[in-house]
Every structure is written in C-alpha cells, then in structure tokens.
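Below is one structure, written out as structure tokens, with a few remarks after it.
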Amino acid sequence: MTSANICIIITIVAYLAAMILVGVFYSKKSAGGTGDFYLGGRRLGPVVTAMSAEASDMSSWLLMGLPGVAYFTGVADAAWTAIGLAVGTYLNWLLVAKRLRIYSEEISAITVPEFISKRFGDTKQILRGIAAVVILVFFIPYTASGFAAVGKLFHNLFGFDYMITMLIGAAIIILYTIMGGFMAVSTTDLIQSIVMTIALIVVLGFGISVAGGWGAVCDNANSIAGYLSLTATGNIQTGEVGSYGLLTIVSTMAWGLGYCGMPHILVRFMGISDAGKVKISRRIGSIWVVISMAVAVTIGIVGYAMSQNGAILTFESSSAAEAVIVKIADLLSTHGVAAALMAGLILAGILASTMSTSDSQLLAASSSVSEDLLGGLFGIKMSEKTTMWVARITVVAISVIAVFIARDPDSSVFNIVSFSWAGFGAAFGPVVLLSLFWKRANKAGALAGMIAGGGMVFVWHYLLKPMGGVWGIYELLPAFVLALIVNVVVSLATAKPDESVTDAFDKAKSLYHK
C-alpha cells in the first residue's frame, strides 16, 4: 500500500470516528423517549435544518450519480434534472415547510405517517399503516443505493472487496443512528454537507487544472455533437446525437415534484425549533443546492476532458462513470502528503453524501415500524424503553435487507435512487400538499391517492416505460398527476371530513398567518 493510500485511509477513518462520536454525544445528551429519538424534541436550529435537509436529500447521487450522467451523455439529462430539483427544493421550503411544522405540532404528530393519519382523522389508523408500508417499500432500495456507493468507493480506489467495505460502512451508519437518533443524524448531516462542499470545490479546481484549463474542457466538450446542448444528448462512445425534446425535459424536471413527498426531508421541517426561522433555512438550503448541483454537473464534463488527455481512464458506461470523482481524488493523492490528505477528505465527502441520506432513511423507516405499524395500526402498547429497542432493532433489520439488495456491485446508484424518489413523490406528494392547502380533502381521498400513486410508479416503470416513445417518460410525472386526480375525485365523491378535522385545519391555517 502506498503512502498516499495510507494518508487517504487515515483521513477517512478520522472522519468516520468523528461521526460515531457525534452519536455518542447525543446518546448521552438525549432527554430520552421516542419524541426525542425521532424528532429531536423539535429543537433543530435553522442552519442545521437547512443543511441536514439538503444533505439527506442529495445522497451519493450528488457526488456519483449526477457527475456520472454528465460525463457519459453530456449536459442535457443532468442539467434538466438539476434544474427540476432546484425548483422543487425552493417550492418545498416555500409552500410546505412552515405549514407542516405548525400543523404537525398542532396535532401532535412526530412522523409523516402519523401526521397524515391525524390530519384526516383516521381513528382506525389505516392511513398510518399504509403510509408506513410505502416508506418501507421505497426506503429499503434507496438505502441500498447508499450502501452500494460505499462499496464502490473503496473497491474502485483500493481494490478492496466490495461486500466487506459495504458492510463496514453500513455498520458505522447503523451505530451512530441507533445511538443518537434524530439529533445525531441531523448534526452529522450538517457536518457531512460541509465535507461534501469542500470535496466538490477541490475536485472541480484540480480537475480543470489537470484537464488543461477551462478552455481545454470546453473544446473537448464541443468536439462531441450535442454534448453541451440542453435539447440533445451526446454519446462519448459513438459520437451519435440523441434528441431531448420538450416531453423529455418536462419528464426530467418532474424530479422536483418528489420533494413534497420525501419523509426524510419532511421530518426536518417538523423538527425545526421555530417556524418563524423557516425563511432562513429556505435561503441557505436553496442556495447550497443550486451551487452544489451546478458544480457536480461541471465535474462530469471536466472528468471527460481528463479522460481524453489520459489523466484518468475512460469509462465505458454511465454506471461506471459514477466513479469519476473517485478517480480524480486518486490522481490528486499522488501529488504529496497534503494532496493525499485532501483526497481523503474528498472521498470522505462521498461517504458523507451516502451516510447523510442513509441515516435519515433508516430513522424514518424505523419510526414507521415502531410508531406507525406496531403502535399505530396494530395498537400494540409498548413502554418507551421497549419502543426504543424495537426502533433500534428495526434499523438493523432494514439495513440487512438493504445490504442484500446492494450485493451487486454493478447496480446503478442513479437508477435505484430515481425509482425510489418517484415512489415517495407520487405516494406522499399529492397527499401532503392537499392536506396542507385543501380543507375538503378527506381520508378516503388520501388513501386512494397514496395507493394509486405508489402503484402507478410500479406499473409505469416495469410495464409501460420499456415500450419507449411517449411511455418512456419518468414515472414520477404520470404517477403524481394520477394520484392528485384520484385524491381530489374520491374526496369530492365521499363524505366531508368531520368537524374536528376541519377545525384543526382552520387552527393551523390561522397560526401560519400570524
């Protein structure tokens, strides 16, 4: 093992140790109880809220998936995805965050399924149970994509066994999540967002330098037809140009619709200490998302220029190209001890992007089992201590399943994330929006909408999308629209909500406008 590799490993180990220490700190500081474990007692500050929400949102997709897509096919697909996400981020903060924070406290809800259930006055807890199942179905593969990113990182860089390194990464995430709960997860997400930012900046600067300057990067990209176009895609292998029409653009931008249905992001809104501070969080989070995604797309283009001049290898597929930042960091590590330590920080940034999402997903999935399925739907009475143990065991069980799914090292991080994102966006997005803005929405509509949205994601992805053409659009768009229509139609066709439900809606609305 080279001295550069040793420096990288030292940096990564120090970073991982710091994450565990955060978990230990909050395990001792915690006031105890599920409310503290899952929502931190609603005492999250605006900066931590903003950065933890966005770090848990971006995942390994930011540092691996997005640059990989830009590297292999050019600007269009990556850029329109980023634009859709940027718009969706801002609108989610603007329309959902403050309202959800106020409403969830008013009805004493600490999880997203519990909020949906109490918002619609579902005394039988059917909504809560269905929502919990949706979270488990889509979070497990989403978490698997994060674990896969960890395995790919160490396999591509050091040649370490993919499965062993994936298991080590998963174990560390599990450890600090079950120790410190929501506050540990949110604080580590803040730290991880900072590390991710440093990684993006350093990789971009170093990559441009090695590629021969910005002019050389542009000249290389311009040499491939359609590579820098927003209405076409280039192919670095064949040089052929693919069309990227209006329907594809709308479909790709539909990624932004997913935000209002992401449980691990929505719970950050519910946990902020002061609803009046949401505006600060919105500005910080939105700016960071725009800049980080723009840099990530640019890194993909810079990476291809580096491949062309022989600085790094040329990737043969979009999935393989997800390792472009890893290879750039590996090259950086050969320029001395200081550079090797910085390369280690960059690779820690990839770990950070993975861990910041996986920990949040594990916590949300854990709450779905202990709070929403066992305690809510099945009405099992448990002490606080027992509930906490169930939550922690659930984290481990879900991780085991996710590891099994992620055992294939050739799986694409981008593809796994896009499917899970669509599932949450379609199942929860319309329900959350209507619950906050439409008093007439009822539990029958919410139930029908969730089932229709989640079901359509599977139907479109596996049955219709393979047909190509107009059917080839991103499954989130048709599933979201269908869920919204079904929710409204069924709500209007069935009985109005009870007076107690509408009174709570009016109370939350009046508090929002204060």
Side-chain angles (χ1 to χ4, degrees), residues 34-35 38-39 41-42 91-92 94-135 260-261 263 266-267 269-272 274-276 278 367-368 371-381 426-454 480-514:
T34 53
Y38 291 130
L39 210 56
R42 300 187 195 269
L91 292 177
N92 200 32
L94 181 66
L95 300 176
V96 176
K98 185 177 179 180
R99 287 178 172 86
L100 182 60
R101 168 61 179 83
I102 292 171
Y103 210 156
S104 63
E105 183 177 35
E106 177 64 24
I107 59 178
S108 300
I110 64 172
T111 69
V112 173
E114 184 180 18
F115 169 76
I116 293 173
S117 181
K118 288 186 174 180
R119 158 61 180 88
F120 294 106
D122 181 20
T123 56
K124 294 183 179 179
Q125 307 291 331
I126 301 298
L127 280 175
R128 193 173 179 180
I130 295 295
V133 170
V134 169
I135 286 176
C260 51
L266 297 176
V267 76
F269 299 161
M270 295 164 65
I272 191 170
D274 183 355
V278 167
S367 67
S368 294
E371 291 290 312
D372 301 313
L373 282 178
L374 299 182
L377 180 62
F378 298 119
I380 298 174
K381 303 297 181 182
F428 290 144
V431 174
V432 170
L433 289 175
L434 291 174
S435 70
L436 297 175
F437 288 95
W438 191 35
K439 184 165 67 173
R440 179 63 177 80
N442 65 15
K443 58 187 175 185
L447 179 61
M450 278 197 296
I451 294 173
F480 187 97
V481 172
L482 175 66
L484 188 63
I485 292 172
V486 168
N487 201 320
V488 171
V489 170
V490 173
S491 291
L492 291 175
T494 51
K496 293 181 179 180
D498 294 338
E499 187 176 346
S500 60
V501 173
T502 56
D503 286 346
F505 180 94
D506 291 334
K507 177 68 179 300
K509 184 177 179 180
S510 66
L511 291 172
Y512 174 80
H513 290 292
K514 277 188 177 180

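We find the NZ-CD1 distance between Lys443 and Ile126 to be 9.5 Å, quoted to the nearest 0.5 Å. One distance of note links CG of Asp122 with CD1 of Ile116; it measures 10.5 Å at 0.5 Å rounding. Distance CD1/Ile110 to CD/Glu105: 13.0 Å, rounded to 0.5 Å. To the nearest 0.5 Å, atom CD of residue Glu114 and atom OG of residue Ser108 are 8.0 Å apart. Distance check: Leu433 CG to Leu91 CG gives 10.0 Å after rounding to the nearest 0.5 Å. In this structure, OG on Ser117 lies 8.5 Å from CD1 on Ile107, to the nearest 0.5 angstrom.
Counting only heavy atoms from C-beta outward, the side chains of Leu434 and Val488 approach each other to under 4.5 Å. Taking the side chain as every heavy atom from C-beta outward, Arg440 and Leu492 approach each other to under 4.5 Å. Counting heavy atoms from C-beta on, the side chains of Pro113 and Ile135 come closer than 4.5 Å.
Of all heavy-atom pairs between Val96 and Leu436, the closest is CG1-CD1, 3.8 Å. Taking every heavy atom of both residues into account, Ala444 and Thr494 meet most closely at CB-OG1, 3.8 Å. Here the closest non-hydrogen pair linking Met270 and Arg101 is O-CD, 3.4 Å. Nearest heavy-atom pair across Phe428 and Ala131 is CZ-O, 3.3 Å. Of all the heavy atoms in Ile130 and Met450, the pair that sits closest is CG2-CE, 4.1 Å. Nearest heavy atom pair, residue Ala275 against residue Ile102, reads CB-CG1, 3.9 Å.
Asn442 places no side-chain N or O within 3.5 Å of a backbone atom of Pro497 that could act as its donor or acceptor partner. Panel note: side chain Lys118, backbone Ala109; no donor-acceptor pair is recorded below 3.5 Å. At least one donor-acceptor pair closer than 3.5 Å links the side chain of Ser491 to the backbone N or O of Asn487. Using modelled atom types, no side-chain atom of Arg99 and backbone atom of Tyr512 make a donor-acceptor pair closer than 3.5 Å.
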Original post:
How far apart are the C-alpha atoms of Phe505 and Ser500, what are their side-chain angles, what is the distance that settles it, and do they pass the side-chain contact (heavy atoms from CB on, under 4.5 Å) test?
Top reply: CA-CA 9 Å; Phe505 180 94; Ser500 60; over 6 Å; no
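The stretch residues 428-439 participates, sequence neighbours left out, in these side-chain hydrogen bond (donor to acceptor under 3.5 Å, both in side chains) pairs: Lys439-Asp506. For the salt bridge (Lys or Arg N to Asp or Glu O under 4.0 Å) condition, no pair includes a residue of residues 488-502, sequence neighbours left out.
Considering only residues two or more places apart in sequence or on other chains, Phe115 meets the ring pair (Phe, Tyr, Trp, His ring centres under 6.0 Å) condition with Tyr103.
Taking the ring axis of Phe269 as reference, the NZ or CZ atom of Lys98 does not stay both within 45° of it and closer than 6.0 Å to the ring centre.
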